[in-house]
Amino acid sequence: MFTLIKTDGSARRGRMTTPHGAIETPVFMNVGTQAAIKGALDAGDLERIGCQIELSNTYHLHVRPGEEIIRKLGGLHRFMKWEHPILTDSGGFQIFSLASLRKITEDGVHFHSHVDGCKIFMGPEESMAVQSALGSDIAMAFDECVANPATRPYVEASVARTTRWLERCKRTITELNAREDAVNPGQVLFGINQGGTYDDIRVEHMKRIAELDLAGYAVGGLAVGEPTEVMYHILDEVLPAAPADKPRYLMGVGTPANIIEGVRRGIDFFDCVMPARNARHGHLYTHEGVINLNNLKYAVDDRPIEEGCGCPTCRMHSRAYLRHLFRAQEMLACRLAVTHNLYFYNKLMADIRDAIDEDRYDAFRAAWVEPLSRRI
RNA sequence: GGGAGGAUUCCCGAGCGGCCAAAGGGGGCAGACUGUAAAUCUGUUGUCUAUGACUACGAUGGUUCGAAUCCAUCUCCUCCCA
């Protein structure tokens with residue numbers, strides 16, 4: 001259930017209620033692919049960094065430990081001790097990221113496990129069954145995330161198949177939710193718009209899936225190599241075709257600037273591995289730009305990552321200490337850095353919500369897009 | 001005291017007459033990363049008045065058109081025998 005609280009231009013303040021609580025939007029979903037935030041954060045840490053909703057991955061949890069194990073243990077929420085909302089990605093992104101290990105057919109996708117090479121078949125029914133066993137609050141449709149660039153004929157055929165898969169996903173989740181042993185019978189399905197960089201395919205596809213009256217609509221297959229301006233242009237074209245009363249999710253995006261621009265165009269949900277991955281690699285976000293803690297210039301910098309930041313890392317530790325931990329390859333470096341970056345992202349979203357609430361989103365955007373994009 | 005093996009650029013370590021400022025690691029310096037096969041990957045790493053020059057492979061002296069590579073002596077290290 002999604003409620004649009006107010007708008008400021010095209011930016012939207014909303015609230016989505018789920019069986020595990022409400023989500024204030026716009027929101028950033030913190031990515032824990034394998035039921036863990038890389039960098040050694042657990043559910044308690046997620047609460048400390050202001051996370052509202054966690055995202056896990058269907059393919060990866062199917063490979064390891066297997067959804068039946070998680071079902072037996074009471075579902076993903078109980079398994080990882082995160083009793084707030086969870087979204088599961090469908091495995092569609094792995095069609096893209098594990099392209100060399102899979103073959104696509106009309107029924108679904110044959111993968112060779114990246115772990116042990118064993119054969120894995122995942123189609124819409126399988127993905128929905130896994131997501132149902134995991135018991136996430138939001139299940140994503142099994143789509144093909146199309147690589148960029150892709151020819152128009154390829155994209156047309158792929159999108160048509162993704163649409164057929166979506167219909168199968170919808171049918172399947174309805175059946176699974178009706179079962180007495182459903183882990184989370186309130187699980188809802190988000191559809192995913194595809195179409196590469198072809199505006200007309202994108203818009204037609206969005207219109208087509210809008211008819212299916214799903215709980216939410218994602219825009220997928222972006223930030224896969226196309227110029228940022230192309231991504232923004234596609235959002236400008238596609239979002240007017242998405243149902244206004246349903247949440248919109250821009251999958252896998254992005255930088256703070258991408259998020260600010262996405263919100264401006266009417267996106268409500270984001271997720272991205274970037275803050276966690278960059279943190280593990282020593283790149284930390286500040287309101288003046290991204291700093292690379294590996295750089296020599298921070299060797300004796302006694303300041304926190306960012307003055308005034310309320311995160312547990314900044315309250316306690318200096319850049320110089322963190323740089324030392326990175327250089328010495330101490331695990332603590334990752335944990336402290338990821339804590340900061342995810343706190344930063346969640347706080348950015350809270351600031352975005354405040355700006356929309358107070359009808360000053362344009363000014364907020366104008367003030368922050370450039371500084372947040374800097375490398376310093 | 002006798003015998004054997006070593007000494008290579010910041011470190012380890014390959015090279016055993018020219019294609020050597022010298023493989024490969026490590027370390028250093030920097031860059032990339034967007035629904036996570038990523039605590040990963042890439043570049044770079046003698047000096048300079050820089051499409052060239054200079055200084056370098058323990059030291060010194062030789063052989064050679066040419067030496068990190070061959071010879072002699074010396075210094076230091078390791079191992080074996082007494």
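Every chain is numbered from 1, with letters handed out A, B, ... down the list of sequences. These figures come from a predicted structure and were not determined experimentally.
You'll find the ring centres of His317(A) and His324(A) outside the 6.0 Å limit. You'll find the ring centres of His287(A) and Phe344(A) inside the 6.0 Å limit. Aromatic pair Phe270(A)/Phe28(A): centroids not less than 6.0 angstrom apart.
Under the Watson-Crick or G-U wobble criterion, with both distances below 3.5 Å, A21(B) is left unpaired in every strand shown. Remark: A67(B) base-pairs with no nucleotide; criterion is Watson-Crick or G-U wobble with both hydrogen-bond distances under 3.5 Å. In this structure, A50(B) forms no base pair with any nucleotide, since neither Watson-Crick nor G-U wobble geometry is met with both distances under 3.5 Å. Base pairing of C76(B): its partner is G6(B), meeting the Watson-Crick or G-U wobble criterion (both donor-acceptor distances under 3.5 Å). When Watson-Crick and G-U wobble pairs are counted only if both distances are under 3.5 Å, C41(B) pairs with G31(B).
Toward the 5′ end of RNA chain B lies the nearest nucleotide of Lys297(A), the other residue of the pair Met251(A) and Lys297(A) mapping further downstream.
Whole-Å rounding puts the Phe326(A) CZ to G27(B) P distance at 15 Å. As a whole-Å value, the separation of Arg64(A) CZ from A37(B) P is 12 Å. Rounding to whole angstrom units, CG of residue Asp89(A) and P of U36(B) are separated by 5 Å. What separates CZ of Phe93(A) from P of C33(B) is a distance of 14 Å, to the nearest Å. Leu101(A) places its CG atom 14 Å from the C1' atom of U36(B), with the value rounded to the nearest Å. One atom, CG of Leu41(A), and another, P of U36(B), lie 17 Å apart when rounded to the nearest Å. Taking atom CZ on Phe269(A) and atom C1' on U34(B), their separation rounds to 19 Å, with Å as the unit. Summarising the geometry, the separation between CG on Leu293(A) and P on A32(B) is reported as 15 Å, rounded to the nearest angstrom.
Residues from residues 212-235 of chain A that place a heavy atom under 4.0 Å from any atom of RNA chain B, listed by number: Gly221(A), Ala223(A).
One finds no side-chain N or O of Thr255(A) lying less than 4.0 angstrom from the OP1 or OP2 phosphate oxygen of U34(B). In this structure, Asn57(A) reaches the U36(B) phosphate: one of its side-chain N or O atoms is under 4.0 Å from OP1 or OP2. In this structure, Asn292(A) reaches the G31(B) phosphate: one of its side-chain N or O atoms is under 4.0 Å from OP1 or OP2. Taking side-chain N and O atoms only, Asn295(A) has no distance below 4.0 Å to OP1 or OP2 of C29(B).
Ala333(A) comes within contact range of no nucleotide atom at all, as no heavy-atom separation falls under 4.0 Å. Contact annotation for Leu296(A): backbone-only contact, meaning every heavy-atom pair under 4.0 Å involves sugar-phosphate atoms and none involves a base. Arg335(A) comes within 4.0 angstrom of nothing in the nucleic acid, heavy atoms only. Within the 4.0 angstrom heavy-atom criterion, base atoms lie near Ile192(A). Looking at heavy-atom distances under 4.0 Å, Arg323(A) makes contact with sugar-phosphate atoms alone, never a base.
Shortest non-hydrogen contact noted between Cys169(A) and Ala141(A) is SG-CA, 4.1 Å.
A67(B) and C79(B) are spaced 29 Å apart, taking the C1' atom of each and rounding to whole Å. If you take atom C1' in A14(B) and the same atom in C20(B), they sit 12 Å apart, rounded to whole Å. With P as the reference atom, A22(B) and G18(B) are 15 Å apart, rounded to whole Å. Nucleotides G66(B) and U73(B) place their P atoms 23 Å apart, quoted to the nearest Å. For the C1' atoms, the distance linking C76(B) with G62(B) amounts to 22 Å, nearest Å. Taking atom C1' on both G15(B) and A21(B), the two are 14 Å apart, rounded to the nearest angstrom. Taking the C1' atoms as reference points, C48(B) lies 48 Å from G3(B), given to the whole Å. Here, U69(B) and A50(B) have their C1' atoms 29 Å apart, quoted to the whole Å.
For Met274(A), whose side chain is taken as the heavy atoms from C-beta onward, the closest listed nucleotide among A32(B), C29(B), U34(B) is U34(B). Of the listed nucleotides (A37(B), C33(B), U36(B)), C33(B) has the atom at the smallest distance from the side chain of Asn278(A).
A salt bridge is defined here as a Lys NZ or Arg NE, NH1 or NH2 lying under 4.0 Å from an Asp or Glu carboxylate O, and Glu204(A) with Arg208(A) fails to meet this definition. Salt-bridge check for Glu144(A) with Arg161(A): passed, with a basic side-chain N closer than 4.0 Å to an acidic carboxylate O.
Here the side chains of Val230(A) and Pro227(A) are in contact, with some heavy-atom distance below 4.5 Å. Residues Leu98(A) and His112(A) fail the side-chain proximity criterion, which asks for heavy atoms closer than 4.5 Å.
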(request) Walk me through it: do Ser127(A) and Gln131(A) pass the test side-chain hydrogen bond (donor to acceptor under 3.5 Å, both in side chains)? (result) CA-CA 6 Å; Ser127(A) 176; Gln131(A) 295 186 75; 3.0 Å; yes
(request) Would you give a per-nucleotide map of nucleotides 38-44 of chain B, 5' to 3', where B means the base has a protein non-hydrogen atom under 4.0 Å away, S means only the sugar-phosphate does, and - means neither? (result) BBB----
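No option in Leu61(A), Val31(A), Leu134(A) other than Leu61(A) meets the side chain to side chain contact (heavy atoms under 4.5 Å, CB included) test with Ser56(A).
The aromatic rings of Tyr249(A) and Phe269(A) are tilted relative to each other, their planes meeting at an angle between 30° and 60°.
Phe96(A) and Tyr59(A) are members of different hydrophobic clusters when ILVMFWY side chains are connected at heavy-atom separations under 4.5 Å.
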